[in-house]
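Here's the structure, in structure tokens; my notes come after.
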Amino acid sequence: MVRTRIAPSPTGYLHIGTARTALFNFLFAKKHGGVFVLRIEDTDIERGDRAFEADIFESLDWLGIKADESPARGGEYGPYRQSERIGTYTPRLEQLLAEGKAYYCPHTEPELEAEKRTLMAAGKNPVHACEHRDGRVGEARLPDGQGIIRFKTPPGRTIIFGDLIRGEIRFESDLIGDFSIAKDLKTPLYNFAVTIDDHEMHISHVIRGEDHISNTPKQMLIAEALGLPQPAYAHLPLILGPDRAKLSKRHDAASIREFREQGYLPEALTNFMALLGWNPGTDRELFSIDELVEHFDLSKVQKSGAVFNIEKLDWMNGEYIRRKRTEELTAIVAERGYLSGFTASDTQGTLRLELPRLKKLSELA
Ligand code: GLU
């Protein structure tokens with residue numbers, strides 16, 4: 001059974017990059033008769049905000065990327081918010097500590113920084129060598145809020161995985177070093193929590209952005225230490241701005257909410273996002289979401305960065321606008337207030353006049 005997920009942290013409005021990751025997970029799951037899960041990663045975030053969480057739900061819904069299991073819909077493997085799952089992490093942290101596979105590291109940030117600088121100056125790999133690594137098992141439990149729990153990375157290992165997009169990827173464990181997995185027994189950090197959640201939610205395929213590649217060997221080591229099976233991995237190419245730098249706030253609209261406000265239609269955005277890193281191998285560019293499900297193929301996703309071309313999005317949006325019934329467009333224009341004070345019949349008249357050259361509904365004004 002294919003089960004995919006996205007696990008956004010509610011630290012901002014749904015970003016187009018996360019939405020594209022959601023779309024690819026959704027398409028892959030639906031193509032294989034599987035399930036798409038939305039999980040909210042809200043542990044260890046100071047900026048986490050329920051308003052952002054609501055925006056993530058709303059924006060995905062608007063795009064037509066419907067999660068089968070989520071905090072809003074529930075499901076068999078809930079709860080779907082990490083902050084409500086703390087009870088599932090603690091016993092596994094205790095297990096690793098008891099088995100001597102993790103340890104309490106008391107060092108402070110400034111100490112670790114100083115060690116890193118010294119190692120780098122000596123031309124050595126900047127991984128922390130903790131004198132507590134081989135201390136007595138379970139020893140030196142620290143008061144909460146002090147130090148962290150570190151994973152004991154086995155030395156001299158090569159960690160290999162077959163990425164479904166990028167092929168074989170290797171990491172040397174000596175370059176990874178002992179990484180932190182929790183602030184304390186009740187505050188797991190990303191790599192630990194995600195490994196447990198993916199396992200408990202029976203995630204078969206982890207499809208996410210390329211920026212997470214270096215987390216994969218850590219998550220694989222944690223799973224191995226706990227005796228858990230490994231999911232399959234696929235890392236999607238970055239989305240680049242026209243200047244070929246990673247797409248960011250600098251490049252105008254970046255959140256789905258902004259695109260919506262600017263008068264883009266969800267069908268156009270979904271179609272456009274699907275082509276950010278994937279193509280069907282033909283010249284065809286216009287696909288409904290159902291057609292995307294039919295044609296999508298993860299093995300055809302490109303490795304190199306996908307350039308975000310706003311002219312193409314504008315062209316597509318115009319095409320989708322012209323395919324819609326005037327009544328439907330009139331309703332959207334009224335809801336979004338693009339022609340304030342216009343009656344429905346004035347709006348329809350304006351639409352008829354402008355339709356042939358319209359790219360975004362917001363241009364009507
Ligand atoms: N919370 C992480 C993010 O939003 C999840 C990464 C993952 O998919 O494992 O980037």
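Just so you know, ligand 1 is whichever comes first in the structure, and atom 1 is the first atom listed for that ligand. Values below: all heavy atoms of this structure, side chains included; hydrogens, waters and symmetry mates excluded.
Listed as neighbours of ligand 1 are R5, A7, P8, S9, E41, Y190, V194, R208, H212, each bearing a heavy atom under 4.0 Å from the ligand.
Atom NZ in K124 sits 10.5 Å away from atom CD in E115 (nearest 0.5 Å).
With salt bridges taken as basic N to acidic carboxylate O contacts below 4.0 Å, one links D68 and K30. With respect to R170 and E172, no salt bridge is recorded, no charged nitrogen being found less than 4.0 Å from a carboxylate O.
Using cut-offs of 30° and 60° for the angle between ring planes, the Y190 and H212 rings count as tilted. The aromatic rings of F308 and F272 stand perpendicular to each other, their planes meeting at an angle above 60°, with 30° marking the opposite boundary.
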Task: Worked check of ring pair (Phe, Tyr, Trp, His ring centres under 6.0 Å) between Y264 and Y320 - done: CA-CA 9 Å; Y264 291 101; Y320 278 96; over 10 Å; no

